[in-house]
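Shown next, in structure tokens, is the structure this report addresses.
First the proteins, then the strands, lettered A, B, ... as listed; each starts at 1. What you see below is based on every heavy atom in this structure, not just the backbone, and it leaves out hydrogens, waters and symmetry mates. In this text, all values refer to a predicted model and were calculated from it rather than measured experimentally.
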Amino acid sequence: MNAQAVVGTVTDPELPMVTLAELGIVREVRQDGDGVVVTITPTYSGCPAMESIRADIATALRRAGFGTVEVRTVLAPAWTTDWISESGRRKLAEAGIAPPGAAPRRGAGPIPLTLTPRSSAVHCPRCGAAETEAVAAFGATACRELRRCPACREPFEHMKEI
Amino acid sequence: MAFDDAYGALTDHDDDARWAYGTGFTDPLHGVPAEIPDGVDRAGLFARCLALGDDALIMSHRLQQWVTRAPELEDELALANIGLDLLGQARLLLTRAGEAEGAGRDEDDLAYRREPHEFRNVRLAEVADADFAHLVARLLVFATWRLALFDRLTADPDPVLAAIAAKGVKEITYHRDYAAQWVVRLGDGTELSHERMVAAMTAVAPLIDELFDGDAGLRAECDAVLAQVLTAATVPAPPIPAGSGRRDEHTAALTEILAEMQQLARAVPGGSW
């Protein structure tokens, strides 16, 4: 397997149903002989999984026989949920986590304040109901929020748009 | 690599991953070029990153103290997540401060091995919360100010600070919304919650002026946001006394915070756990 393919098998430590590549965390894989430089970007500033992610990528590449492995971090441009691939979105939904909608587009002027819970246009990943309610804007990890479905009465997680 | 469950990943000792908190973590800017570009004033960059890093570190610590004490489980999650975002910002900023200073200090040196008088955080970040209304009042002012400031810092001459700010803007937008929604809920709630929200805003007001360092544009933007929230919350805007200048004084609360935060790192120098 080439380095790109090896890195493509590494899954996220907190969302093991999707790969780091599907989440858009892997920005570049550069292979030069048996050396590889992988560039990744954090989802949130305080993401505690970054060191585990670095180690998982390095371990996968070494096991595949690559000699020198370097994992670099890039901060700009900042990660956005728009980088999550179609297959990543499908796998999240299959695991009961509603995938994010389009990230908010910034207009001119100051960043607008939101005094009411954000859009209700998140479909229920269990029964498919179109309208669901926000319970809390924060969840088990930085990237998720809690919602509930009035139709099937089940709570679920939604990956929030950033 | 794949694991059957999250616990499998935690107990895998095949790598250097650490999941517990301690000192000796890998540099959070690992692999980001550490050099300071030509034309960027090192002393100025050090001061900017240190102040913003200290604000985030101390505010994060105060938020962590609310975990297990919040009114609802959802708020435990929210406050822990906001604290974690700010801790992440603090790590990036203190690391960059150390690089700008060029004296070999890393994030642990700056967080754990400085005395209270060397901290540059605003007093707003360090004061203890009298109740939950006080916390959301403080968080609203803090997030409103930090969001407007970070939005401007996305154009900083240092590309690393600009990138940290651009990332932070997305996070703080959620922090501000959370605090604002609680201020409205309490202010426009029962008679008792209204009274306590009014008292909380009055208590926070003397800590507002020092945030702006005379920056009228920044002040106007923040005043407009606070007015929007307070109007929706039916909380009268408190008079804001003129401050004594930014970051030149601390309350006794900072000494208490640092005693708690630095204790283990000082007792076990270089320890990791």
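- Note: A:F138 and B:H175 have tilted aromatic rings, judged against thresholds of 30 and 60 degrees for the angle between ring planes.
- Residue contact with chain A, scored on non-hydrogen atoms closer than 4.5 Å, is absent for B:V183.
- Only the side chain of B:E221 has a heavy atom closer than 4.5 Å to any heavy atom of chain A.
- With a threshold of 4.5 angstrom between heavy atoms, A:T43 approaches chain B through N, CA, C or O but not through any side-chain atom.
- Scored by the salt bridge (charged side-chain N to carboxylate O under 4.0 Å, His left out) test, B:D215 finds no partners at all (sequence neighbours excluded).
- Side-chain contact between A:L146 and B:L77 is present, with at least one heavy-atom pair separated by less than 4.5 Å.
- A donor-acceptor contact closer than 3.5 angstrom is absent between the side chains of A:S45 and B:D85.
- For the set A:A142, A:A140, A:G139, A:A137, the entry with the most heavy-atom pairs within less than 4.5 Å of chain B is A:G139.
- Listed in order of number, the residues of residues 226-233 of chain B that approach chain A to under 4.5 Å between heavy atoms are B:Q228, B:V229, B:A232.
- Between chain B and the residues A:A103, A:P42, A:C47, the largest count of heavy-atom pairs under 4.5 Å involves A:P42.
- When atom types are taken as modelled, the side chain of B:K170 and the backbone of A:E161 share no donor-acceptor pair closer than 3.5 angstrom.
- Between the side chain of B:Q181 and the backbone N or O of A:T114 there is at least one donor-acceptor pair closer than 3.5 Å.
- Within residues 70-77 of chain A, the residues that have a heavy atom under 4.5 Å from a heavy atom of chain B are A:V71, A:R72, A:T73, A:L75, A:A76, listed by number.
- To the nearest 0.5 angstrom, B:K167 atom NZ is 5.5 Å from A:I162 atom CD1.
- Under the salt bridge (charged side-chain N to carboxylate O under 4.0 Å, His left out) criterion, the residue pairs touching residues 67-84 of chain B are B:E72-B:R185, with sequence neighbours excluded.
- Proximity to chain B is absent for every atom of A:T19, based on heavy atoms less than 4.5 angstrom apart.
- Of the listed residues B:I164, B:D151, B:V184, the one with more heavy-atom pairs under 4.5 angstrom with chain A than any other is B:D151.
- Note: B:L140 CG to A:L113 CG = 8.0 Å, rounded to the nearest 0.5 Å.
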